[in-house]
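Within every chain, numbering begins at 1; the chains are lettered A, B, ... in the order of the sequence lines, protein sequences first and strands thereafter. Nothing here was measured: the structure is a model prediction, and the numbers come from that model.
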Amino acid sequence: MNYWLMKSEPAVYSIDHLKKEKVTYWDGVRNYQARNFMRDKMKKGDKVFFYHSNAEPPGIAGIAEVEKEGYPDPSQFDKKSKYFDPKSKKENPTWILVDIKYVKKFKDLLSLDLLRSVSGLDEMLLLKKGQRLSIQPVSKEEWNVIQKIAE
DNA sequence: GCCAACGTTGGC
DNA sequence: GCCAACGTTGGC
């Protein structure tokens, strides 16, 4: 079982959207590292922190779970989509996504500020300077520390 | 294969 | 809205 953190701008898609929809497909990722995680590493049942980026305040809003493992992102073939990629071929798709399922919304959002103040998270990717990756691995220890704070 | 120019992310 | 930090592109 692996642990992850996935960023979303709440103005575009928040944890409340996911709560309502129950399941969503994580389209629009156009970064190779993030794609590789979805293609190679994310397994059904893996736990995911749902992170609100570009938000006031930014922070972890709740928990989701991988529902369906990697498959081609349909938006790459959709000419009308802003995620359309003319270089990607149907027989060899460039972009892969996963489906994720709502698990829970935290009573209080764990703000980036708060996370920075917690000991044991010093090595967390999210808190590293210049780290922009929209899908990041989270260690079991980090997961447990954060989970505990949320409760 | 180098690297300058450009585009994007995301906190502030 | 600014801009640092990074990723990508494309000329050479």
Worksheet item: Can you list the steps and then say if A/E9 with A/S53 is a side-chain hydrogen bond (donor to acceptor under 3.5 Å, both in side chains)?
Response: CA-CA 5 Å; A/E9 300 192 21; A/S53 63; 4.9 Å; no

Practice prompt. Classify the side-chain pair A/Y102/A/E67 by whether it contains a donor and acceptor separated by less than 3.5 Å.
Written response: no

Practice prompt. For A/R35 and A/R30, indicate whether the former's side chain and the latter's backbone hold a donor-acceptor pair under 3.5 Å.
Written response: no

Worksheet item: Counting only heavy atoms not in A/Y13, do more than 12 sit closer than 6.0 Å to its OH atom?
Response: yes

Fill in: A/D122 and A/R116 ion-paired at < 4.0 Å
no

Worksheet item: Which residues in residues 49-63 of chain A have at least one heavy atom lying under 4.0 Å from any atom of DNA chain B?
Response: A/Y51, A/S53, A/N54, A/P58

Worksheet item: When all nucleic acid strands are considered with a 4.0 Å heavy-atom cut-off, which category describes A/K128: base, sugar-phosphate, or nothing?
Response: nothing

Worksheet entry | Residues in contact with DNA chain B, drawn from residues 74-85 of chain A - heavy-atom cutoff 4.0 Å | none

Discussion item. Distance under 4.0 Å to a non-hydrogen atom of chain A counts as contact; along DNA chain C, which nucleotides mark the start and end?
Written reply: C/dA5 to C/dT9

Worksheet item: Got A/I135 and A/M38 here, is their nearest side-chain heavy-atom distance under 4.5 Å?
Response: yes

Fill in: A/K47 and A/E65 ion-paired at < 4.0 Å
yes

Fill in: A/W4/A/F49 aromatic ring centres below 6.0 Å
no

Discussion item. For A/R39, is there an ion pair with A/E69 - N to carboxylate O distance below 4.0 angstrom?
Written reply: no

Worksheet item: So, A/Y32 versus A/W95, ring centres under 6.0 angstrom or not?
Response: yes

